[in-house]
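Each chain gets a letter, A, B and so on, in the order its sequence line appears, and its residues count up from 1.
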Amino acid sequence: MATNIKNISLSGRKKDVSNKDMTFMERIYLPAIAKGMGITLRHFFKPKVTIHYPEQKREFSPVFRGRHILMRDENGAERCTACGLCALSCPAEAITMTSAERKKGEENLYREEKYASVYEINMLRCIFCGLCEEACPKEAIFLTEDLVAPDYQREGFIYGKDKLVMPLEDKPVNIK
Amino acid sequence: MESAFFIEKGVLILAVFAITMLIALYSTFAERKIAAFFQDRVGPNRAGPGGFLQPLADGVKMFTKEDFTPDTPNKFLFILGPGLFMTTALVTSAVIPWGDTISLFGREIRLQIADINVALLFVFGVVSIGVYGIMIGGWASNNKYSLLGAVRASSQMISYEIAMGLSIIAVLMMTGTLSLREISIQQHGFIDWNSHWLSWNVFKQPLAFLIFLICAFAETNRTPFDLPECESELIGGYHTEYSSMKLGFYLFAEYINMFISSAIISVLFFGGFNYPGMNLVNETLGTNIMALLGVVALFGKIFFFIFFYMWVRWTLPRFRYDQLMNLGWKVLIPLAIANIVVTGAVILLWK
């Protein structure tokens, strides 16, 4: 017989549907019920896949992109020079900043002569694409593995420098 | 003498009431936990250690919800409905023999509130009054969907009561008594040495047990017969208009019904407070220990059946309404009648 469309089974699991009457064993249903209950009982003793969230956390992928951080250098000075490339590259227009000139005596605070006096990221707009991280010429902004904390007010999601800049005690150690 | 009698019965009533309530309360928790385990989840585990205070949290939630009363001309009936359902669920526990006789303070105390000789009839009578709770509630809601739900529920319960009663008759023909206590005592131990056969009724009347079990599922409105409620299809059946603790009563009464029907199944078919090797315990450790172990055995059986109820609920899908009626009228009732005929013939032949 030539290959008919009816004989082809791409998955190899083709089954012909028939309308045959059920046998007596099938009609009393009880064996089927017992079988089903066996299956559910097996699940009863299976290890549970639930991750107990606040105590346990799901492992993030190494390339996970979360909340931003503004880096400091080995001396604890902010690396950002307020060039604005991150704001320019941001597809969601989530970043705004105001630049200022470094005064004398502030060399330990800011690495470059120009710095961001205001640096704000709107976390509701941010899509965590990481383009700011890629655009930054000073390696000043990074996306961490932390999550953005929930809040009741929209204002709370506009992160200023108080929330973005890396804490001083976390500054990177000079490896030489 | 008289006052001692009242104290004895009072303590028993309070204890049975408290235990029934406690078990029903924790059945709700067990249901959620067991459902979760069957679905590879962990279930509620936040309130208290291991989620053990979850029922209390649920209760507080139920009580503090707005108690809404619909615009109905039957306010009294609206309140009466859940109360009646709850009462009928609780009253049945009076005739169940929770244990054998223990002797305490020089008195022989039977661990049963009322040993009436028509206990089984009493159970059936009270269970059929339970339909009124649903019907009155649905009727007084002044809502046609509630009424439809109530009609569905009551027609289901009445249909399955017939098959349930018929399945029991075969057992009664063998036991020759309606007293649950005597039925328990007849199933003494585990092996009947006189007839060299297992003494529990389930081994003598397996078909009656099966029919009774199916009907008990239908009577308590549990899956696969939970059409009165039908969370996913109907808008809640007969208790659509109920809220707060009135709804809580309906839901809670379902768990009490489950507990009581598990107890009745255990007493009728699984030997009640009897357990293998009870004669040995009686000889070595005394009658009181034997009776107390019997109570433990009975509760073990009850807990197994409560678990079985939940196990079935999270395994089987719900019946369609015509399937339900077909099963009840065309399968279970003829089977029960055939069982009666066969039992009668066998009893006659043995004589």
Point to revise | Approximate separation, where rounding is to 0.5 Å, of A:H43 NE2 and B:T315 OG1 | key: 10.0 Å
**Study point:** Shortest non-hydrogen contact from A:T50 toward B:R41
**Key:** OG1-CA, 3.8 Å
Review point. For B:K65, does the NZ atom sit with more than 12 other heavy atoms under 6.0 Å from it, leaving out its own atoms?
Key: no
**Study point:** Interatomic distance, B:F37 atom CZ to A:K48 atom NZ [nearest 0.5 angstrom]
**Key:** 5.5 Å
**Study point:** B:L210 portion near chain A, given a 4.5 angstrom heavy-atom threshold
**Key:** side chain
Exercise for review: Count the heavy atoms belonging to other residues, nucleotides or ligands that lie under 6.0 Å from CG of B:D322, then report whether that count exceeds 12.
Suggested key: yes
**Study point:** Other residues, nucleotides, ligands: >12 heavy atoms within 6.0 Å of A:E113 CD
**Key:** no
Review point. Within a radius of less than 6.0 Å around CD of A:E106, do more than 12 heavy atoms belonging to other residues, nucleotides or ligands occur?
Key: yes
Practice item. May I ask you to decide if A:M37's main-chain N or O and B:W311's side chain share a donor-acceptor pair within less than 3.5 Å? Key: yes
Point to revise | Within 6.0 Å of CD in A:E101, more than 12 heavy atoms from elsewhere | key: no
Exercise for review: Kindly compute the distance separating CG (B:L327) from OH (A:Y29), expressed to the nearest 0.5 Å.
Suggested key: 10.0 Å
Review point. Relative to chain A, which segment of B:V312 carries a heavy atom at a distance below 4.5 Å: side chain, backbone, both, or neither?
Key: both
Review point. To the nearest 0.5 Å, how far apart are CE in B:M310 and OG1 in A:T40?
Key: 14.0 Å
Review point. For A:M25, does the CE atom sit with more than 12 other heavy atoms under 6.0 Å from it, leaving out its own atoms?
Key: no
Check your understanding: Which bit of A:L41 is near chain B, if near means a heavy-atom gap under 4.5 Å: side chain, backbone, both or neither?
Key -> both
Practice item. Measure centre to centre between the rings of A:F44 and B:F307, then say whether the value is under 6.0 Å. Key: yes
Practice item. Please indicate whether A:Q56 has more than 12 foreign heavy atoms, meaning atoms of other residues, nucleotides or ligands, lying under 6.0 Å from its CD. Key: yes
